[in-house]
2 protein chains.
Amino acid sequence: MDALEPDEDACREVLGILALIGDKWSVLVIGHLRDRTVRFGELHRAVTGISQRMLTRTLRQLERDGLLTRTVHAAVPPRVEYALTPLGTTLLDSVVALGGWAVEHRHEVVGNRRRYDGT
Amino acid sequence: MDALEPDEDACREVLGILALIGDKWSVLVIGHLRDRTVRFGELHRAVTGISQRMLTRTLRQLERDGLLTRTVHAAVPPRVEYALTPLGTTLLDSVVALGGWAVEHRHEVVGNRRRYDGT
DNA sequence: CCGGATCCAAGCCGATACTG
DNA sequence: CAGTATCGGCTTGGATCCGG
């Protein structure tokens, strides 16, 4: 694992960031913010199956990491908008690149699984 | 999310594969198999903190996906060796690439977190 | 409209003990 | 040596109700 361990405890940081990529909701949310600014309710409808709770938690974490911004417009009704930061955009690009691997090899992988399960 | 949704249900497959990357143990195990063939006990010692149970489960899943091979040498004492398949190697390359993003931006991310938590 | 707070079920994961 | 089996704690995530 040397390539992922420049020094000893950087490893935890890197793994923590990779875990972000592995999180289903994070990826979907980031994907939906690719080019636009999106409101909370809009995301709630767009990301199929996410609960309000999980959407809030996911957005908070991504905001904490500086991957997106949260802007509250004081008004009635309330209006909260989310958008990717430049940092978030670079991450999205990298994730899409890795997603390319998944798209390329997904048939191979599911084929392997079926063969393994059949055996 | 169009780039990750070539068609409707491919999305689940791709997300499932991305989840693999998010799995701490999978990444560490794959990393240790980069260039060598490794025995079970050797992995157990190399991957710090992993339990026997988790190592077995992780290896089984990676084998199921066709990312590594498991070869049993009938002998006493038993001897089981694990090695990356070509498919596994291509995944490792992609993961290392994404790990590059994490290494590049990790200070920025943890800085953001500290600022957020401080506020 | 946005999201915090609470309750509760499901599943993960480590520790431990036991087999071929 | 390389696992499997079982148990118990703990996290995770959905549902629901409530507040700004």
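The structure presented is a predicted model; accordingly, all values stated were derived computationally and were not measured. Throughout, a chain's letter reflects where its sequence line sits, starting with A, and its residues are numbered from 1.
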Quick check: any donor-acceptor pair below 3.5 Å linking the side-chain of B:Arg53 to the base of C:dT16? no
Find which nucleotide of DNA chain D each of B:Thr56 and B:Arg45 is nearest to by heavy atoms, and output the residue with the more 5' nucleotide. B:Arg45
Whole-Å distance between D:dC1 P and B:Leu55 CG? 14 Å
Check every atom of D:dA2, C:dC13, C:dC2 against the side chain of A:Gln52 and return the nucleotide holding the closest atom. C:dC2
From CD1 of B:Ile50 over to P of C:dC12, roughly how many Å is that when rounded to an integer? 16 Å
Please say yes or no: joined through hydrophobic side-chain contacts below 4.5 Å, possibly via intermediate residues, are B:Leu62 and B:Met54 part of one cluster? yes
Short side-chain N/O contact from A:Tyr82 to OP1 or OP2 of C:dG3, under 4.0 Å: yes
Assert: residue with more 5' nearest nucleotide on DNA chain C, out of A:Glu42 and B:Gly49, is A:Glu42
Nearest-Å distance for atom pair CZ/C1', residues A:Phe40 and D:dG20: 15 Å
Proximity to the side chain of A:Pro78 - top-ranked nucleotide from D:dG3, C:dG3, C:dC1: C:dC1
Here the pair of heavy atoms bringing A:Ser94 nearest to B:Trp101 is OG-CD1, 3.3 Å
Separation of atom NE2 in A:His73 from atom C1' in D:dG20, rounded to whole Å: 17 Å
Once you apply a heavy-atom cut-off of 4.0 Å, does B:Arg39 come out as touching a base, just sugar-phosphate, or nothing? sugar-phosphate
Donor on one side chain, acceptor on other, B:His44 and B:Gln52, under 3.5 Å: no
Give me the one residue out of B:Glu42, B:His32, B:Lys24 that meets side chain to side chain contact (heavy atoms under 4.5 Å, CB included) with B:Val47. B:His32
Phosphate oxygens OP1/OP2 of D:dT12: is one of them under 4.0 Å from a side-chain N or O of A:Trp25? no
D:dG13 C1' sits how many Å from A:Lys24 NZ, rounded? 11 Å
Run the salt bridge (Lys or Arg N to Asp or Glu O under 4.0 Å) check on B:Glu81 and B:Arg39 step by step: do they pass? CA-CA 4 Å; B:Glu81 297 190 321; B:Arg39 297 185 53 179; 5.5 Å; no
Expressed as a whole number of angstroms, how long is the span from A:His44:NE2 to C:dG3:P? 11 Å
To the nearest Å, give me how far apart CG (A:Leu59) and P (C:dC2) are. 11 Å
Among the candidates D:dC1, C:dC2, D:dG3, find the nucleotide nearest to the side-chain atoms of A:Val80. C:dC2
Taking the side chain of B:Arg70 as heavy atoms from C-beta outward, which of D:dG14, C:dC13, D:dA2 is closest to it? D:dA2
Atom CZ of B:Arg60 and atom P of D:dA5: how far apart are they, to the nearest Å? 11 Å
